[in-house]
Amino acid sequence: MLIQRLGHMLRRPGMWVGCDYDLEIQLRGIITDLWFIDEVDEIKNDHDIINKLIAEGLYYPSNVANGVGNVFRNIAPDIGRYKEYICSIYARIAFLEGYLEIKALLLPDEFEALKARIVKGDFSRGYNQKALLDELPPPSFTVTKNVYCYASENKDSGWIYFDVPSIYIEGKGYQDNVISIRWPAPLFEDGFELTKEGYECTRRGIAQPKFDIDTTMTMWSAGKKWSPSESLLTIDEEVRKPLWEDLW
């Protein structure tokens, strides 16, 4: 029953929860409940998942419940909804733990060939949902027709993700373009890139300050209190240069 519920939630999160915070708590809770039932390890818990995601650069900061959502909120701040992104990350964890069945796995050579095409820029512009699916093999896993995930038979290879959220663009209406692509890399941001359409609908390519939560929490723990008129601490962010700019 829990495995079935986990699978449904990962595929259609909007039918189960209303916010990113609740989604992450429930997903981790189900996986840790399954560990308990399977007697995996009595000290293995919710923090094991968080620590793994922190190490991969997919959870920030460490002291909040919706850390995966915060990663995507920072890197693509104008998307407006992050449930599908969150589910795509937890789906891989569920798969590796044996709680999510996936049949359409790519052969290792096919997976590496797809990754090479992505890095080269083959999908960097002009792809909507239909064009993408016409070009690629069946996805290994899909989240609400908004994130298409490709996994290799080699479980150590990571996953490839094509993000295709429905976004309203001024003067164009709702669009279902591929706005970002994620692939395995030593650092998360090295394997994340916005497409041309992605740069048109988010400020991620523009330098902007972001909340300095680490310094703020250190000062708060030491007794610092902020007045209503006092500005919060920020970090100036450098402009992110598009990997495929020369192709546009």
Side-chain angles (χ1 to χ4, degrees), residues 1-17 19-75 81-106 108 111 115 139-144 146-163 180-192:
M1 185 69 176
L2 279 177
I3 289 178
Q4 185 180 41
R5 180 182 176 187
L6 177 63
H8 287 320
M9 189 176 293
L10 288 169
R11 289 179 173 88
R12 299 293 297 273
M15 296 181 66
W16 293 80
V17 297
C19 66
D20 299 352
Y21 176 92
D22 190 21
L23 175 62
E24 293 207 43
I25 290 177
Q26 289 204 42
L27 289 174
R28 290 197 303 272
I30 294 174
I31 294 173
T32 51
D33 284 346
L34 288 167
W35 281 339
F36 177 79
I37 292 169
D38 292 341
E39 299 180 345
V40 172
D41 186 336
E42 61 180 332
I43 65 169
K44 197 170 185 180
N45 55 42
D46 172 89
H47 293 290
D48 290 82
I49 300 174
I50 293 175
N51 289 337
K52 173 180 172 58
L53 293 172
I54 289 172
E56 295 179 358
L58 293 169
Y59 198 102
Y60 180 84
S62 59
N63 60 340
V64 300
N66 56 327
V68 172
N70 283 343
V71 170
F72 289 104
R73 190 170 289 107
N74 176 58
I75 202 167
R81 52 183 295 175
Y82 301 90
K83 296 185 189 72
E84 288 81 6
Y85 293 80
I86 293 167
C87 283
S88 70
I89 299 302
Y90 283 96
R92 179 171 177 251
I93 293 176
F95 171 65
L96 293 175
E97 294 296 327
Y99 300 134
L100 183 66
E101 183 179 358
I102 292 178
K103 295 181 179 178
L105 298 173
L106 299 180
F111 186 87
K115 179 179 172 181
S140 303
F141 187 76
T142 301
V143 187
T144 323
N146 292 131
V147 180
Y148 295 95
C149 312
Y150 290 85
S152 169
E153 289 183 350
N154 178 4
K155 290 187 176 182
D156 295 329
S157 294
W159 283 18
I160 291 170
Y161 309 87
F162 291 86
D163 303 314
S180 56
I181 307 173
R182 296 173 271 143
W183 63 92
L187 297 175
F188 172 67
E189 287 210 19
D190 292 341
F192 174 95

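Because the structure is a prediction, the values reported are computed rather than measured.
When atom types are taken as modelled, the side chain of Asn74 and the backbone of Asn70 share no donor-acceptor pair closer than 3.5 angstrom. Using a distance-only test at 3.5 Å, with no hydrogens or angles considered, a donor-acceptor pair links the side chain of Glu24 to the main chain of Gly69. A side-chain donor-acceptor contact under 3.5 Å links Lys115 to the backbone of Pro184. Under the 3.5 Å distance criterion, the side-chain polar atoms of Thr142 are left unmatched by any main-chain donor or acceptor of Arg11. Under the 3.5 Å distance criterion, the side-chain polar atoms of Arg28 are matched with a main-chain donor or acceptor of Ala65. Side chain of Asp48 to backbone of Asn45: a donor-acceptor contact under 3.5 angstrom is found. Counting only distance, with no hydrogens or angles, the side chain of Ser140 and the backbone of Ala151 share a donor-acceptor pair below 3.5 Å. In this structure, Gln26 contributes its side chain and Val17 its backbone to no donor-acceptor pair below 3.5 Å.
Using a 30° and 60° split on the angle between ring planes, Phe188 and Phe72 fall in the perpendicular class, above 60°.
Tyr82 places none of its side-chain heavy atoms less than 4.5 Å from the side chain of Asn66. Taking the side chain as every heavy atom from C-beta outward, Leu27 and Met9 approach each other to under 4.5 Å.
For Ser88 against Val147, the heavy-atom pair with the smallest separation is CB-CG1, 3.8 Å. In terms of heavy-atom proximity, Pro108 sits nearest to Ser152 at CA-OG, 3.7 Å. Contact between Phe141 and Ala91 at its shortest, heavy atoms only, is CE2-CB, 3.7 Å. In terms of heavy atoms, Leu6 sits closest to Ala94 at CD2-CB, 3.9 Å.
Taking CG of Asp163 as the reference point, atom CG of Asn146 lies at 9.0 Å (rounded to 0.5 Å). Interatomic distance, CD1 of Ile89 versus CD of Glu84, reported as 13.0 Å (0.5 Å rounding). With values rounded to the nearest 0.5 angstrom, Leu58 atom CG is found 13.0 Å from Ile50 atom CD1.
Partner of Ser180 under the side chain to side chain contact (heavy atoms under 4.5 Å, CB included) criterion, out of Tyr85, Tyr161, Phe162: Tyr85 alone.
No hydrogens or angles considered: a donor-acceptor pair under 3.5 Å links the side chains of Tyr99 and Asp38.
Between Glu56 and Arg92 there is a salt bridge, since at least one side-chain N of the basic residue sits less than 4.0 Å from a carboxylate O of the acidic one. A salt bridge is defined here as a Lys NZ or Arg NE, NH1 or NH2 lying under 4.0 Å from an Asp or Glu carboxylate O, and Arg73 with Asp20 meets this definition.
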